[in-house]
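Working notes, structure below.
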Amino acid sequence: MRWLESRQGELLPVEYFHVVFTLPERVARVAFYNQQAVYGILFRAAAETLLTIARDPRHLGAEIGFFGILHTWGQNLLHHPHVHFVVPGGGIGPGGKWVRCLPGFFLPVRVLSRLFRRLVLEALEKAFLKNQLRFFGEIEKLRDVAAFRDFLEPVSKAEWVVYAKKPFGGARTALQYLGRYTHRVALSNDRILGIAQGRVTFQWKDYRGKDRQKSRTMTLDAEEFIRRFLMHTLPPGFQRIRYFGLMANRHRKENLARCRQLLTGPAGELLPSVVQCQALRRILSEVKPRRCPRCRSGLLITIPLPPDTS
């Protein structure tokens with residue numbers, strides 16, 4: 001896949017982390033009827049959270065870059081909006097030097113979670129007051145500002161889910177995982193096990209249960225299967241893959257070249273300077289090498305004998 005090849009060509013020689021930001025169920029309900037607005041809020045709030053916490057000198061103290069992909073589904077095809085980010089483990093510090101994160105640790109998830117929560121709720125409030133949100137069906141009553149605020153009150157005190165962990169197998173593994181979903185929606189063909197008598201059976205995993213890696217099967221009426229599948233069709237023109245920070249589209253090439261230079265250093269920096277070479281030459285010229293007393297030409301090398309233990 002061309003997209004995957006391009007991203008692999010941009011990998012830096014550092015640890016990479018897989019970071020996921022998920023909207024809680026109540027906010028997801030609002031998002032279902034306001035996809036353009038709320039999915040945009042999800043992207044912007046999650047990206048701003050990463051950039052802000054990474055800049056904080058108490059954490060990383062550096063400018064970072066990353067890209068993210070929006071997913072709106074869970075394994076059971078129900079609505080579950082979240083964003084996957086692939087983030088290099090470091091960035092450019094205030095002094096123009098590369099700052100590495102601690103081995104195996106990127107940023108504290110609790111700090112990320114609380115800032116993300118605040119930014120999303122503030123953005124939802126602004127969107128509501130600007131009449132940018134629409135309310136239908138079971139959330140129609142939220143048109144009233146008091147009802148809207150009461151509806152979001154429980155999530156303003158709850159811990160929001162943020163996942164951050166070094167991907168197993170390195171950055172390429174994370175890219176391959178995300179690459180499967182860049183141009184697909186919700187369900188791949190190999191998970192569909194059968195279609196018979198107006199019902200569809202497919203494979204899924206319950207990541208919220210105890211046996212997270214255990215494969216299960218689910219059978220739905222064809223109409224319900226189609227309904228679940230189509231709810232993940234994004235608004236026209238919505239960009240589900242976005243780039244931020246040092247990897248923002250406008251300056252990505254230049255920033256990546258700068259990062260590689262900081263990480264590897266030019267070859268000239270590995271050699272001694274001219275001044276150092278001149279000083280060493282003076283020292284060597286002042287020291288007269290010891291000549292062999294027999295041939296008077298070869299250098300005399302003295303090797304101490306081991307002690308006599310007999």
Side-chain angles (χ1 to χ4, degrees), residues 16-54 64 66-87 105-125 127 133 139 151-168 173-175 177-182 184-187 204-210 212-213 228-229 231-235 238-244:
Y16 273 74
F17 293 85
H18 182 191
V19 186
V20 185
F21 290 83
T22 303
L23 290 179
E25 192 274 334
R26 284 181 178 244
V27 179
R29 271 194 258 173
V30 178
F32 184 81
Y33 294 99
N34 298 275
Q35 296 184 7
Q36 186 79 37
V38 181
Y39 291 167
I41 288 172
L42 167 59
F43 251 129
R44 291 190 296 272
E48 185 178 346
T49 296
L50 285 173
L51 291 169
T52 300
I53 302 304
I64 63 173
F66 48 90
F67 69 88
I69 301 177
L70 173 70
H71 288 180
T72 63
W73 57 87
Q75 282 270 310
N76 56 9
L77 301 187
L78 292 176
H79 192 229
H80 180 61
H82 55 286
V83 175
H84 294 262
F85 289 106
V86 176
V87 192
F105 177 81
F106 182 48
L107 295 171
V109 291
R110 178 165 290 186
V111 176
L112 293 172
S113 171
R114 292 180 179 178
L115 179 57
F116 174 58
R117 177 182 65 189
R118 178 171 66 81
L119 292 176
V120 169
L121 293 177
E122 287 178 354
L124 285 173
E125 177 82 6
L133 301 179
I139 66 168
F151 179 75
L152 294 180
E153 177 66 20
V155 297
S156 68
K157 299 175 181 177
E159 293 292 340
W160 290 27
V161 177
V162 175
Y163 169 96
K165 193 171 184 179
K166 179 183 175 183
F168 294 106
T173 301
L175 285 179
Y177 168 77
L178 295 176
R180 291 178 295 177
Y181 299 100
T182 55
R184 296 180 185 173
V185 177
L187 186 74
W204 72 295
K205 294 179 181 179
D206 184 5
Y207 289 125
R208 297 182 180 183
K210 294 181 179 180
R212 297 186 177 186
Q213 299 303 320
R228 293 193 186 190
F229 187 85
M231 72 170 65
H232 307 296
T233 303
L234 295 175
F238 189 89
Q239 297 295 320
R240 62 194 301 262
I241 305 175
R242 301 187 185 187
Y243 305 82
F244 302 91

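Keep in mind it's a predicted model, so treat the numbers as computed, not measured.
Taking CZ of F67 as the reference point, atom CZ of F85 lies at 10.5 Å (rounded to 0.5 Å). A distance of 5.0 Å separates CG of L115 from CD1 of I53, quoted to the nearest 0.5 Å. Within the model, atoms CH2 of W160 and CZ of F21 stand 11.5 Å from one another, a figure rounded to the nearest 0.5 Å. How far CG of L152 is from NZ of K157: 12.5 Å, rounded to the nearest 0.5 Å. Atom OH of residue Y163 and atom NE2 of residue H18 lie 6.5 Å apart, to the nearest 0.5 angstrom. Considering CG of L133 and CD of E125, their distance stands at 10.0 Å, rounded to 0.5 Å.
Under the 3.5 Å distance criterion, the side-chain polar atoms of S113 are left unmatched by any main-chain donor or acceptor of V109.
For the residue pair A47 and F66, the shortest heavy atom distance occurs at O-CZ, 3.7 Å. Counting all heavy atoms, side chain and backbone alike, L23 lies closest to F116 at CD2-CZ, 4.2 Å. A pairwise comparison of heavy atoms in V27 and V155 identifies CG2-CG2, 4.3 Å as the closest pair. The nearest pair of heavy atoms linking A54 to I64 is CB-CD1, 3.6 Å. Nearest heavy-atom pair across I41 and A127 is CD1-CB, 4.4 Å. L77 approaches H232 most closely through the heavy-atom pair O-NE2, 2.7 Å.
Between V30 and F151, the closest side-chain pair of non-hydrogen atoms falls below 4.5 Å. Using a 4.5 Å cut-off on side-chain heavy atoms (C-beta onward), L234 and L70 make contact. Proximity of V86 to I69: side-chain heavy atoms (C-beta onward) are nowhere separated by under 4.5 Å. Two residues are said to be in side-chain contact when any heavy atoms from C-beta on lie closer than 4.5 Å; Q75 and D206 fail this criterion. In this structure, V120 and L42 have side chains that are not in contact, with every pair of non-hydrogen atoms separated by 4.5 Å or more. Side-chain contact between T72 and M231 is absent, with no heavy atoms from C-beta onward closer than 4.5 Å. Put simply, the side chain of F106 reaches to within 4.5 Å of the side chain of V87, judged on heavy atoms.
For the side-chain hydrogen bond (donor to acceptor under 3.5 Å, both in side chains) with E159, the lone residue among R114, R110, R117 that qualifies is R114.
Using bins of under 30°, 30° to 60° and over 60° for the plane-to-plane angle, the ring pair H82/H80 lands in the tilted bin.
For the side-chain hydrogen bond (donor to acceptor under 3.5 Å, both in side chains) condition, the pairs that include at least one residue of residues 29-45, sequence neighbours left out, are E25-R29, Y33-E138, Y39-H79.
Other residues, nucleotides and ligands place no more than 12 heavy atoms under 6.0 Å from the CD atom of Q239.
Judged as a side chain to side chain donor-acceptor pair (under 3.5 Å), and not counting sequence neighbours, R26 has no contacts. By the ring-ring contact (aromatic ring centres under 6.0 Å, His included) test, Y16 pairs with no residue at all, sequence neighbours left out.
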